[in-house]
There are 2 protein chains.
Amino acid sequence: MTSRPRPNAGSKGVPRAVREAEILESACRAFGEHGYAAVSMTDVAHDAGISKPLVYSYFGSKEGLFEACLRHAGDLIADDIDRTAASGHVGLERALVTLEGIFKTLEERRWIWRLFFDATRPATPALDAIVERYTARLTERGAEGTAEMLARGGNRDPLDADALAAVWASVFDALVVWWLNHPEVTAEEMTARSVRLLSAVTADPSPAPSAG
Amino acid sequence: MTSRPRPNAGSKGVPRAVREAEILESACRAFGEHGYAAVSMTDVAHDAGISKPLVYSYFGSKEGLFEACLRHAGDLIADDIDRTAASGHVGLERALVTLEGIFKTLEERRWIWRLFFDATRPATPALDAIVERYTARLTERGAEGTAEMLARGGNRDPLDADALAAVWASVFDALVVWWLNHPEVTAEEMTARSVRLLSAVTADPSPAPSAG
DNA sequence: TTGATATGACTCTCGGGTAAATTACCACGC
DNA sequence: GCGTGGTAATTTACCCGAGAGTCATATCAA
């Protein structure tokens, strides 16, 4: 079995750090847009313009590659959350400042948001821990706000607080995802829209549910 | 290659309609709890106490089986939505009546809710159409309510209306999913919780975002 | 005997992961 | 300047397991 010539083998000579960043970017985009399960390692390699074993030499496994994507995206998002949380705003205003920050951070990399809500990823302890760590910062901040809101109304039920925190996280996610699906809307416009919507809801003098 | 005996082959004689219902129930539960991708046809067959080829003889393919699950679940849910929508309530009260109906309908089959939000299913035109058809009824009803809320505040932006409808759908889903994760909470209790939470939010006299 | 019900054992494809070989570059002695 | 060996970068070709889907055959009731 005489080996046939292998075009381009070794000819690139791209430094490790550069190649690694290239692969990571391709992977983040692919995973974010199509989901873990729908993306094969061959896809990532092809998108990055290289062969599959090279991807493995850099990231070890598909799960390892996804983990690197999570860390990359998580650092971007969590750092932003921490920054806006430290800005001293409270109540609805803090929620809106947080949204504004996220919109600006994601502006040119919108797809990374979905990495953290990818139901098709394997539920391994390693990945679970990373997702948990990063999402905790976001949900914690939200829970503070919603708990405060309930307390103002005299509600001290811990399950109510937990459920409302989940609802708020879902609202946050819905706003971001809606924005992901409307690429023509800028971060600035989306911030203004969020202000209008949240104000409309909390100020709504609609027919409240009468008892019974 | 003398064929060995096949224990139980053909010995059951279960009527088609009965077997079909058994398989469907197993499949709905498995798909709903673990997701399309994580469930194999062998799993379904084993759970239903039969062999894989029998599942194929009834539903043709994995996608066909999932389609049947969607129709089964969709009929339950959509019928319920239509019924509560016709009850004549408006505003927040209608939202709560709708939630109450869904909670009661799902009480003994909570997992079927997730079938419609399963990101691991194949995105074929056939399945897309079915999901679209069933979810349309739910989101449409929601959009009516949110549009009305915006209009009361003088907001006529169609994109705002679309985004708020998405947010409301997300809130609805978040409440149901929170409930799925708290099996000890009854439908009745969950309805009461929803009333408290939505009332708290819409009636919140919190620091509104000042201009600028 | 016939037809409905049922199954063990198989094929085939896809995708994660690997082994071994190949190319290019670089440092070094002459 | 120029062979030369070491090493990093990269490839082709393969293995392997899982799971979708099929076929020929077996059992049983009427």
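All values below come from the heavy atoms of this structure, side chains included, with hydrogens, waters and symmetry mates left out. A, B, ... follow the sequence lines: proteins, then strands. Residue 1 opens every chain.
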Integer-rounded Å distance: [N] [atom2] and [X] [atom1]:
| X | N | atom1 | atom2 | value |
| --- | --- | --- | --- | --- |
| B/Tyr58 | D/dG21 | OH | P | 19 Å |
| A/Ile23 | D/dA9 | CD1 | P | 11 Å |
| A/Leu54 | C/dG17 | CG | P | 16 Å |
| A/Glu22 | D/dA9 | CD | P | 13 Å |
| A/Tyr36 | C/dG15 | OH | P | 13 Å |
| A/Phe31 | C/dG15 | CZ | P | 13 Å |
| B/Ile50 | C/dA4 | CD1 | C1' | 15 Å |
| B/Glu63 | D/dG21 | CD | C1' | 14 Å |

One thing to verify: whether [Y] and [X] come together as a salt bridge, which I'm taking to mean a side-chain N less than 4.0 angstrom from a carboxylate O.
| X | Y | value |
| --- | --- | --- |
| B/Arg193 | B/Glu189 | no |
| B/Glu22 | B/Arg19 | yes |
| A/Asp80 | A/Arg137 | no |
| B/Glu25 | B/Arg29 | no |

Original post:
Within less than 4.0 Å of OP1 or OP2 of C/dA4, is there a side-chain N or O belonging to B/Arg16?
Top reply: no
Original post:
So, is B/Arg19 near the phosphate of C/dA6, with a side-chain N or O under 4.0 Å from OP1 or OP2?
Top reply: yes
Quick one: label [X] by what it contacts on the DNA or RNA (base, sugar-phosphate, nothing), any heavy atom closer than 4.0 Å.
| X | answer |
| --- | --- |
| A/Ser40 | sugar-phosphate |
| A/Val18 | nothing |
| B/Ser57 | nothing |
| B/Val44 | nothing |

Considering only side-chain heavy atoms of [X], which listed nucleotide, [options], is closest?
| X | options | answer |
| --- | --- | --- |
| A/Met41 | C/dG16, D/dG21, D/dT10 | C/dG16 |
| A/Tyr56 | C/dT18, C/dA6, D/dT22 | C/dT18 |
| A/Lys62 | C/dG17, D/dT11, D/dG21 | C/dG17 |

Original post:
Is there a donor on the side chain of B/Lys52 or the base of D/dG21 sitting less than 3.5 Å from an acceptor on the other?
Top reply: yes
Subject >> Whether B/Trp113 and B/Phe117 hold their rings parallel, tilted or perpendicular, with breakpoints at 30° and 60° >> reply: tilted
